[in-house]
Engineer: 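Just dropping this structure here.
A quick note: this is a predicted structure, and the numbers were derived from the prediction, not measured.
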Amino acid sequence: MSQHPLIASLRGGDTGKVMSAAQAVKLIRDGDTIATGGFVGIGFAENIAVALETRFLETQEADAHGLGHPRDLTLVYAAGQGDGKARGLNHLGHDGLVRRVVGGHWGLVPTLQQLAVANRIEAWNLPQGVICHLFRDIAAGKPGTLTRIGLGTFVDPRHGGGKLNQRTLASGVDLVRLMPIDGEDFLFYKAFPIHVGIIRGTTADSDGNVSMEREALTLEAQAIAMAAHNSGGIVIAQVERIADRNTLNPRQVKIPGVLVDCVVVAEKPEYHMQTFIEPYSAAFSGEIRVPISAVAPMGLDERKIIARRAAMELTANDVVNLGIGMPEGIASVATEEKILDLITLTAEPGVIGGVPAGGLNFGAAINTQAIVDQPSQFDFYDGGGLDIAFLGLAQADREGNLNVSKFGPKLAGAGGFINISQSAKKVVFVGTFTAGKLELALEAGVLKILADGKAMKFVNEVEHRTFSGPVAAASGKTVLYVTERCVFRLCAEGLELIEIAPGVDLRRDILDRMEFAPLMRQPPALMDARVFSAEPMGLRPGLLEMPLEQRLSYDAAQNVFFVNFEGLSVRSRADIDRILAAVESRLAPIGHRVAAIVNYDRFSIAPELIDDYTAMVKGIMDRHYTDVTRYTSSTFLRARLGESFGKRVADPQIFGSRDEAQERLKSAGG
């Protein structure tokens with residue numbers, strides 16, 4: 001690509017590439033495409049944005065026709081960069097300054113939102129991870145980014161192509177194209193040159209080498225710098241301080257000086273805060289680790305109820321993503337339940353491990369294991385690296401589609417939601433059942449709805465499809481929708497109601513507060529009583545248990561089904577349901593009856609559940625077993641289970657060892 005025409009005018013000498021913010025933004029020309037790095041208030045070059053806004057307004061005032069410069073810019077950014085008021089990209093929300101915006105998230109930039117909603121700019125919303133990868137692919141000289149991300153959502157050309165208003169539709173420009181390859185659909189996101197890259201770091205030398213030791217995240221700064229440089233453009237880097245030439249440790253240099261044209265030292269401390277509410281946290285930069293006990297537990301309200309029920313979907317060694325807002329409560333519950341060491345929390349801008357922060361600190365984390373670049377994090381996510389994701393539930397419909405991106409004139413955008421929800425192995429959407437002021441009461445573990453939200457969240461058809469239920473169902477993905485009063489599961493036919501809170505009236509509190517009737521194959525089970533109790537739920541022992549799937553094995557040669565319930569604890573009706581589902585899914589494909597041996601060593605069960613458990617076992621025996629033997633070394637358990645089995649089965653005997661149980665099976669011809 002041809003070189004930016006103003007690069008030759010950059011001064012050299014002892015100061016090298018160092019200049020003021022006002023000097024740097026004079027290099028931005030009318031019609032340029034600019035890319036900015038940042039995540040909420042992290043890693044955003046606030047000083048550069050202020051200087052760009054100032055130049056535009058000053059030249060506008062001085063111009064006889066009221067035309068400010070630079071004008072008609074195309075702005076490209078991956079994550080939301082703003083505080084929801086005036087900072088970040090809100091500085092660029094002026095008529096004439098930008099002509100086209102391609103953004104990953106719009107919720108924190110109301111000044112740009114207003115221009116888009118008023119049809120005064122061309123506006124696109126593309127997935128955050130796709131834009132990160134697009135920067136990298138532009139740097140590599142590729143024609144664009146080819147991916148499955150976005151299929152079935154509003155960025156799919158069959159559902160709008162990511163265009164947000166009539167002006168964009170009328171522009172005749174398409175950034176996304178459907179591309180079938182070998183019979184499978186993909187989306188192709190078109191590349192374009194980046195004329196100006198605006199990034200941020202901590203320290204720079206006069207040659208433009210930039211390090212990031214005090215930054216909470218490294219983000220997509222390197223990809224933007226390479227994309228702008230290889231497009232023949234310029235790179236402006238805002239930093240906190242200047243070091244002498246050749247004094248930076250090369251292993252700490254994140255942006256090589258060959259990519260950087262201008263270095264701007266932040267002129268005020270507020271222009272270079274670590275986040276928009278944190279001047280500097282040594283914990284966010286990884287300089288220190290802080291005690292987790294400092295995290296206060298949540299009060300028992302609807303947010304905690306939802307977070308608790310969602311947290312019950314965690315298993316040991318899960319790699320987890322938590323979205324902003326309601327999902328943040330799951331980190332608090334995990335801390336209270338002392339299970340953080342059993343899972344790995346992550347955040348899409350590059351955090352792996354530790355505890356993600358919330359609010360305007362979102363994206364940062366304490367006690368992290370690693371911080372990687374945002375494009376690499378989305379490589380990990382898109383390829384299936386997430387075991388489970390917890391994301392916000394704003395609006396859902398009968399097909400299981402979800403909308404978190406657009407509600408009438410309110411334009412939030414998708415952010416990383418599309419990448420994460422489409423790629424995680426399991427997705428749990430969390431949110432209140434209705435929108436608006438909600439008043440609840442908990443009395444002896446019973447939930448009462450005192451005042452409900454006025455707006456329905458479960459509608460016939462979502463306004464904007466940020467998540468495709470049919471695409472997820474076709475892939476066999478496990479998807480749950482968790483609210484304070486009930487839980488839905490995605491199936492091929494749409495949403496199935498599977499759980500209801502104790503005290504909640506099915507007709508009054510659920511069905512009459514939805515625009516459609518959910519599928520109910522059977523009466524919904526009661527949500528786990530521990531969710532509504534003031535005491536911790538005791539999740540840790542359950543996470544340390546062996547997964548049910550690993551407890552079941554089948555020897556086809558002997559036609560023997562082995563069930564290892566050693567150490568298993570049955571504490572709720574939901575546990576019995578999970579056992580039944582796991583056994584049925586293992587035995588049904590076999591297609592014929594089998595003999596079974598069950599290990600009950602160190603097995604425990606709540607006394608009030610023994611009859612329900614025995615009835616479940618009797619049903620499995622009737623459907624699947626030719627014969628079954630059981631054993632445990634516990635005399636007490638043999639007596640306890642034997643008494644219950646004796647009420648329902650012909651041979652209730654439980655042996656004291658595996659050898660005895662196997663001998664009994666052989667003698668019976670099993």
Side-chain angles (χ1 to χ4, degrees), residues 38-43 79 128-129 132 202 212-221 252 254 273-298 307 310-311 313-381 385-392 415-416 419-420 424 428 430 539-540 543-544:
F39 188 94
V40 189
I42 300 170
Q128 179 180 330
C132 288
T202 299
M212 295 186 169
E213 63 272 16
R214 286 169 59 87
E215 302 296 309
L217 299 166
T218 59
L219 297 170
E220 68 277 34
Q252 289 190 319
K254 189 65 182 175
M273 295 172 65
Q274 193 180 40
T275 77
F276 275 152
I277 58 174
E278 189 72 55
Y280 178 70
S281 165
F284 287 167
S285 66
E287 186 179 342
I288 63 171
R289 296 179 70 85
V290 297
I292 294 297
S293 58
V295 180
M298 301 169 67
E313 298 301 317
L314 291 166
T315 59
N317 301 314
D318 272 351
V319 177
V320 184
N321 173 272
L322 299 180
I324 194 169
M326 189 73 75
E328 296 171 16
I330 294 158
S332 177
V333 169
T335 302
E336 183 181 9
E337 297 291 334
K338 297 180 172 56
I339 60 173
L340 276 178
D341 61 317
L342 303 180
I343 59 177
T344 300
L345 300 180
T346 70
E348 59 267 31
V351 169
I352 297 176
V355 183
L360 289 180
N361 282 336
F362 182 63
I366 60 172
N367 301 351
T368 57
Q369 298 172 22
I371 297 174
V372 302
D373 286 356
Q374 188 167 216
S376 296
Q377 186 80 311
F378 278 108
D379 285 334
F380 177 60
Y381 281 8
L386 283 174
D387 295 301
I388 187 169
F390 299 92
L391 300 168
N419 295 82
I420 295 165
V428 181
V430 295
L539 293 184
R540 187 176 180 87
L543 263 68
L544 290 172

Engineer: Provide the closest heavy-atom pair for V351 versus A365 in the form atom of the first, atom of the second, distance.
Structural biologist: CG1-CB, 3.4 Å
Engineer: Is there a side-chain contact between F380 and V319 in this structure, where contact means two heavy atoms from C-beta onward sitting under 4.5 Å apart?
Structural biologist: yes
Engineer: Do F390 and L345 come close enough that some side-chain heavy atom pair is under 4.5 Å?
Structural biologist: no
Engineer: Please report the closest heavy-atom contact between A347 and Y381, naming both atoms and the distance.
Structural biologist: C-OH, 3.4 Å
Engineer: Would you compute the distance between atom CG of N317 and atom OG1 of T344 and round it to the nearest 0.5 angstrom?
Structural biologist: 7.5 Å
Engineer: Hey, does the side chain of E337 reach the backbone of A334 with a donor-acceptor pair shorter than 3.5 angstrom?
Structural biologist: no
Engineer: Can you name the nearest heavy-atom pair linking R289 to T368, along with the distance?
Structural biologist: NH1-O, 3.6 Å
Engineer: Taking the side chain as everything from C-beta on, heavy atoms only, tell me whether V290 gets closer than 4.5 Å to N367.
Structural biologist: yes
Engineer: Quick one: CD on E336 to CG on L539, what's the gap to the nearest 0.5 Å?
Structural biologist: 9.5 Å
Engineer: Please report the closest heavy-atom contact between P356 and T346, naming both atoms and the distance.
Structural biologist: CG-O, 4.4 Å
Engineer: Does some side-chain heavy atom of M298 sit less than 4.5 Å from a side-chain heavy atom of T335?
Structural biologist: no
Engineer: So do I277 and N361 actually touch side chain to side chain, heavy atoms under 4.5 Å?
Structural biologist: yes
Engineer: Which heavy atom of V355 sits nearest to which heavy atom of A331, and what is that distance?
Structural biologist: CG1-CB, 4.3 Å
Engineer: What's the separation between atom CD1 in I352 and atom CD in Q369, rounded to the nearest 0.5 Å?
Structural biologist: 8.0 Å
Engineer: Quick one, I324 and F362 - any side-chain contact, counting heavy atoms below 4.5 Å?
Structural biologist: yes
Engineer: Of all heavy-atom pairs between G43 and E215, which one has the smallest distance, and what is that distance?
Structural biologist: CA-OE1, 4.0 Å
Engineer: Side-chain contact test, heavy atoms from C-beta onward, threshold under 4.5 Å: evaluate it for E287 versus Y280 and give yes or no.
Structural biologist: yes
Engineer: Would you call L314 and V320 a side-chain contact if the rule is heavy atoms closer than 4.5 Å?
Structural biologist: yes
Engineer: Using the rule given for side chain to side chain donor-acceptor pair (under 3.5 Å), can you reason through T315 versus D318, listing the C-alpha separation, both sets of side-chain angles and the distance that settles it, and then say yes or no?
Structural biologist: CA-CA 6 Å; T315 59; D318 272 351; 2.9 Å; yes
Engineer: Are side-chain N/O atoms of E348 and N321 paired as donor and acceptor at under 3.5 Å?
Structural biologist: yes
Engineer: CD of Q128 to CD of Q377: how many Å apart, nearest 0.5 Å?
Structural biologist: 10.5 Å
Engineer: Does K338 offer a backbone N or O that forms a donor-acceptor pair with the side chain of R540 under 3.5 Å?
Structural biologist: yes
Engineer: Short question: side chain of S281, backbone of F284 - any donor-acceptor pair under 3.5 Å?
Structural biologist: yes
Engineer: Rounded to the nearest 0.5 Å, what's the gap from CG on D379 to SG on C132? Could you check?
Structural biologist: 9.5 Å
